[in-house]
Amino acid sequence: MRAVLRRTALAVSILALALFSSDLLFSQQTPLTVLTKDNNTVVRRTLPTTSINDQEYVALDDLASMFQLVVREDALGALSVTSKGKTLLLTPDQPLASIAGRVVSLPAPPVRQGRRWLVPVDFIGRALSLVSDLKIALRRPSHLVIVGDLRVPRVQVRYDTSGAFTGRVTMDATPRANSAITQEGDQLVVRFDADAIDVSYSNTVTAPLAAAAAQGLLQGVRVADAVTLTFTVGPRFGGFKVTTQPSDTSMRQTIDITNVAAPQSTDASPQPTAPVAAGPPQPDLGRPIVIDPGHGGDDDGAKGAQGTKEKEVTLAVAHRLKTALEARLGIRVLLTRDDDRSVTMDDRTAMANNGKADLFISLHANASWRPSLAGATILTARFSAQDEQAAHAVASELLPAMNGAARGIDFIPWDLAQIQHVARSEALARSIVEHFQGKVPVEMNPIDAAPMRVLEPANMPAVLIELGYLTNAEQEKQLGSPDFQNTIVQALVEAVVRFRDEGR
Amino acid sequence: MTRRRIWFFVVVYSLVFVSVIVWITLIRRRAQPAPLESATSGSTTTPPGRKITARLYYVSKDGTKLTGVDREVPYGEGAAAQAQQIVSAQLAPVPMPLVSAIPPGTALRALYVDGKGAAFVDLSKEASVAHTGGSQDELLTIYAIVNAVTANLPSITSVQLLVDGKEVETLAGHIDLRKPLQKNLTIIEAEPAAPR
């Protein structure tokens, strides 16, 4: 069964590396593609393979010329493979290789073919990587050999019909790689921020997107170049909407496709603008941090007895924090408002979701009926048991994956996006409290969780910081002073740095 | 039969008759299903003077929690009417040393209970416009009402606050009010103040 699945996997895998290799199907003699990086350009070479008794082999002398190996055959028929002082030994009738006393098993012994020696392709991943000083990885399903530190995410593409007239393309890039999705004429172009992509289609063996073609939404998909996947749109293609769901290991992008005649959205709840990355891919500056200065415009927020307004404090601290974070981390920091204006709750969070932000930090100042109350509080989102169930119900939709295992789909409604980040958000809150200690006064129990409107849809670690109480005379003075604002900012920068380091 | 005796019988029979009528009416009212009970300000069937003891919630000494206080509240017939009495009492100004978690001037416009145990508490606009604007106070305002209703009326399990008859995103910009909220025990101070 496993062999059948593996073969099926092999048959449906599409290799991104052969230039313009649209609709390429693999037979058993598919050559391997070797990827290396030379002066920041990705070089691809092919390595022919031979199939004997259902086993794929590569010629040892092909490997020798590609990886600068010296291959010798001694009088007893043993083979030695040497690279930079390291020697690996192969015995013709044994499925083994030995290097410095270590024995590596191979699926089959080396085979002589004419004057050449052939070794099973697994030799590359298991044995060659041990003698070479280069990092060598073999990806058998996609016939890919990656030499050196190249970012070659596996991209799994699937298509599901989400309604009679609508469908959803799901792309999982593992390890995480960002991509920009744009419409260019009759093509939906997905450009990945990577050295190459390793694409496979997970749910349609015979024809990728057959269902989409039947609906008239998409006609086909092809790997346009090393890092680009293009979908050809069909006659009934009406529009698309992209959502991004990063997880610890992979980046999921879903493209929801609507029909020309279908209503734009059948969902009753207001859905803010979908995260669509437009234009050519941005230079890689990392994922931004979004800072949300609370309130603004008509909404003053809390007010102090001396007239200090929350909206002014939050904006001032946000500007300082942006400058400090950009200087310290060299990343982009976006503000949900740059001046005194009102911004809706959804627009605030949408900026973070659309910008694929790494962190969302909402800044506020507190108020209490007890004027003695002082200190900062860090709030994270709390969800009800019903919300958890609703998110779980969607998340536990299991789909068969290529290797026969089941794979979860973690598409979660907009308003519940924060559910999967709660633990990290709490870690961020703890880091902030730690760095506030001794510098910025904090409340007795400084971390709290509540149904925070602006945090619930945030699809990344997110916290709301109440910097202090404007209803406390001393704190009102503090919060308005540039010195105290700088102290807050320095502590926050340290907290963010620590949090990001821990997350790696 | 004397005249007095005839009068006696007439009075006894009338009393019995009236009692039976009253009893039947009560039974019928109790048996009636009430999918959407409502009680608006001023319309109450409460017999004057009857009271129940309800736990209401006020700002704790340090300002970060709610303190439960047992107070007398007028009796209301049915969950909606009783919830209305409880919320009205919760919204009313309180004497020192208690501190109300409700923005001054907030009035109850209406209160409905649906068939699924959710109460909809419609507050006047002061709940939002007269709010101090802190997320701390916003939590206290919301859960003073949510907890007062759910803690005293087991048949009501969640409460959604409305302002001026409309669903709102938040009262003061922080806490999501788009869905009914459940009782929050963590916001209640560990040791409630002694009943008054």
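Keep in mind that the numbers below use all heavy atoms, side chains included, and drop hydrogens, waters and symmetry copies. Convention: sequence-line order gives letters A, B, ...; per-chain numbering from 1.
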Q: For B/Ser60, does its backbone N or O pair with a side-chain atom of A/Arg370 as donor and acceptor, under 3.5 Å?
A: yes
Q: Determine whether more than 12 heavy atoms belonging to other residues, nucleotides or ligands lie under 6.0 Å from atom CG of A/Asp339.
A: yes
Q: Flag the pair B/Gln182 / A/Gln386 as yes when at least one side-chain heavy-atom distance between them is below 4.5 Å, and no otherwise.
A: yes
Q: Please rank A/Lys303, A/Glu310, A/Glu443 by heavy-atom pairs under 4.5 Å with chain B and give me the top one.
A: A/Glu443
Q: Is it true that, when you exclude B/Glu167 itself, more than 12 heavy atoms of the residues, nucleotides or ligands shown sit nearer than 6.0 Å to its CD?
A: yes
Q: I want to check something: taking the side chain as every heavy atom from C-beta on, are A/Thr344 and B/Glu169 in contact at a cut-off of under 4.5 Å?
A: no
Q: Can you say whether A/Arg348 sits under 4.5 Å from chain B via the side chain, the backbone, both, or neither, judging by heavy atoms?
A: neither
Q: Sort B/Tyr58 into side chain, backbone, both or neither according to what part of it lies under 4.5 angstrom from a heavy atom of chain A.
A: neither
Q: Side chain, backbone, both or neither: which part of A/Ser384 has a heavy atom under 4.5 Å from chain B?
A: side chain
Q: For chain A, which residues of residues 125-140 of chain B have at least one non-hydrogen atom nearer than 4.5 Å to it?
A: B/His131, B/Thr132, B/Gly133, B/Gly134, B/Ser135, B/Gln136, B/Asp137, B/Leu139, B/Leu140
Q: Run the side chain to side chain contact (heavy atoms under 4.5 Å, CB included) test on B/Asp176 and A/Glu456 for me, step by step, so that the C-alpha distance in whole Å, both residues' side-chain angles and the decisive distance to 0.1 Å come before the verdict.
A: CA-CA 9 Å; B/Asp176 195 346; A/Glu456 287 166 336; 2.3 Å; yes
Q: Tell me, side chain or backbone of A/Asp300 under 4.5 Å from chain B's heavy atoms, or both, or neither?
A: neither
Q: Side chains of A/Met345 and B/His174: does their closest heavy-atom pair fall under 4.5 Å?
A: no
Q: So which of A/Asp387, A/Asp299, A/Thr377 has the largest heavy-atom pair count under 4.5 angstrom toward chain B?
A: A/Asp387
Q: Specify the closest pair of heavy atoms between A/Leu373 and B/Asp62, including all atoms of both residues, with the distance to one decimal.
A: CD1-O, 3.3 Å
Q: Which heavy atom of A/Pro451 sits nearest a heavy atom of B/Leu181, and at what distance?
A: CG-CD2, 4.0 Å
Q: Can you tell me which portion of A/Leu379 sits under 4.5 Å from chain B's heavy atoms? Options are side chain, backbone, both or neither.
A: side chain
